[in-house]
Amino acid sequence: MGDQLRLAEAPDVMNLFCVGISHHTAKVETRERYAGQRSEEALRVETGCAEALMLATCNRVEVYASAAASIATEQIARWLAREGTEAIENASAFYRYEGEECVRHLFRVAAGLDSMVIGETDILGQVKRAYAKARESRCVGSLLHRLFQRAFRVAKQVRTRTDITRGAVSVGSVAVDLAVKIFGDLRERKVLILGAGETSERTARALSSRGVTDIRVSNRSFERAESVAGLVRGRPVSFHEWTLQCREIDILISSTSADEPLLTPDVLSPLIRERSDRPLFIIDIAVPRDVAPEVNEMDGVFLYDIDSLQSIAAQSLALRREQIAAAEEIIAAHVSDFQTWLGRARDEPLPVTPRVLDEAALRASEL
Amino acid sequence: MDRPLLIASTLCYLAAVVRTLLAVRARVALHGRFNFFAIGAGFLSQTAFLSVRGHALGRCPLTNLFEVFVFLAWSVALIYLLVGPTYRLSLMGAFTAPLVFALQTFALLAPIDIPHPARLFANPWLEFHASISMIAYGVFALSCVAGVMYLVQERQLKTHQLRSIFYYLPPLTNLFGALTRLLWLGFALYTAGLISGFFTGGPLPRVKMICAFGVWLFYGAILQGRHLRWFAPKRVAALCVLAFTAAVSVLWAINFVSQRPPM
């Protein structure tokens, strides 16, 4: 069914292009001036494109469109600009890709290669939502439909055939990934936050999002412990009792402002004996450190301080960068394939089809 | 006549080994599925080999060291195919294939395919004893593989040096759970093998018995130590590797002794 779809307009004059602004070309202060929630339908009416799709995320605002006649970048930029923004001021921040380069750019975006954090996967969901929205407003025709369906396939292949998404690249997500590697399922795990700092709170939230329900918070100020416990749906624990908690907990996140280590092998040894071989994962994000480095030498204890977490994040990022070439190869193959399809669609006689495909035709042609 | 089947099987395992090495070297995603099918194909060829050899001998093909090694490799592959997917340990294939490949390559290259000096008659109890013991060895081999995987991961977690393979290893606690279950399964099968040895009818060779009980006691001690929490998981994993190395050495010694003509 897929190949029976034909371009709606005369193919030899159909122009596929992308105009946008992203973190590569502009700072957030500039990008936010173009992040207005305008409809693709309005864009089509104002510029005369045959198909249009707008992708707006925190890092980019892009318009993908096909048109019989060439549409100037400035015209798109003017349409994207919020009221009161002079589009011409930021003209140099806008980029434009046409034809094959547009196809390649979209595939790179969907696969996370153009993201600020290489290989991040949120972008694929954002591209899918943008596509669904444009489709709902009947602004997607056969060309953009095929292009985006192919982009989803490319993103999936890049994710499964390379290590581009492997490894966490932020302190919080590294901690969560390590917890999963040690414990597997986190739902039954018990977490103690010692010292209610902002990073501990964020890490606890990340663990909570992975199913942890038993979170205890201990702080010198019990009121502060209560307050943070409320934020992470945990329970406050008196600061005098925190060492005893080490018998029960699986993960300790420590970030107090103590000058000397609070947890040493001498303190932990008698408590570890009562833990029945359960591993203890300690995340020490305090500076100076709350946990003596010798604790990492103990059987079944895995200690990570802020430097080691940041180092792993950097390693993951380096690993992802090494995967770019493999991902580009996959993308190049799909770009070539897509261009072949496009050429074939242009060469063959076109059936009489509506300019915008109906829902059934779009579903049937999904790759 | 039957060796081409074994060579084909060995090539299948070699394919899995090469695929893993290439993936690790290129730092691209390791897919357990390829290894699973490569080991599956190798297993089918092994099974065909053992079947042809068994028909030729008129009994279970465990009459010399060559057949013992092939049967052991077959048991390892069988247990991997049964256990790997169940415990979501697909990466185990990446560790299992080299072990099976090494066993079969050794069997093919070493001059150990020597017909037994005495004509051996079919004895159901003896064949049951030998085959169940070999399958137990296969389970112990996989517990050794799980032990290596545990130690690799534990080491990387301790040193904070997370290599590419780290992301494909199962969680530490799940891996240790699988290792413990493999130990119990292997121990139960080995115990059944030992008990059935008493029903074989012939005189029981003293050296064989001492060695076999030594292996049984070693694994029993690991399980008891684990049960009483004497050994930390890391020690259990290391002991599994040590125990299997010792068990294979004993297996070699037993077969070497039993093939020597009586003095």
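Order of the sequence lines sets the chain letters (A, B, ...), proteins ahead of strands, with each chain counted from 1.
- Heavy atoms of B:Glu154 lying under 4.5 Å from chain A belong to its backbone as well as its side chain.
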(request) Run the numbers on A:Leu178 and B:Leu162 for side-chain contact (heavy atoms from CB on, under 4.5 Å), then give the verdict. (result) CA-CA 10 Å; A:Leu178 287 170; B:Leu162 311 183; 3.9 Å; yes
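- Of the inter-residue distances, the one linking B:His160 atom NE2 with A:Asp307 atom CG reads 11.0 Å to the nearest 0.5 angstrom.
- Contacts of A:Ile182 with chain B are made by both backbone and side-chain atoms, with heavy-atom separations under 4.5 Å.
- Scanning residues 206-213 of chain A against chain B with a 4.5 Å non-hydrogen threshold yields no residues.
- Applying the 6.0 Å contact sphere to CD of A:Glu188 captures no more than 12 heavy atoms from other residues, nucleotides or ligands.
- A side-chain contact (heavy atoms from CB on, under 4.5 Å) with A:Lys181 is found for one member of B:Leu172, B:Leu169, B:Thr173 and no other, namely B:Leu169.
- Residue contact with chain A, scored on non-hydrogen atoms closer than 4.5 Å, involves the backbone of B:Phe231 exclusively.
- The OG atom of A:Ser308 sits 10.5 Å away from atom CD of B:Gln161, with the distance rounded to the nearest 0.5 Å.
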Which pairs would a plain distance check flag for residues 295-304 of chain A, meaning a side-chain donor or acceptor within less than 3.5 Å of a matching protein atom at least two apart in sequence or in another chain?
residue: A:Asn296; atom: OD1; partner: A:Leu303; partner atom: N; Å: 3.0
residue: A:Asn296; atom: ND2; partner: B:Lys158; partner atom: O; Å: 3.0
residue: A:Tyr304; atom: OH; partner: B:Leu157; partner atom: O; Å: 2.5

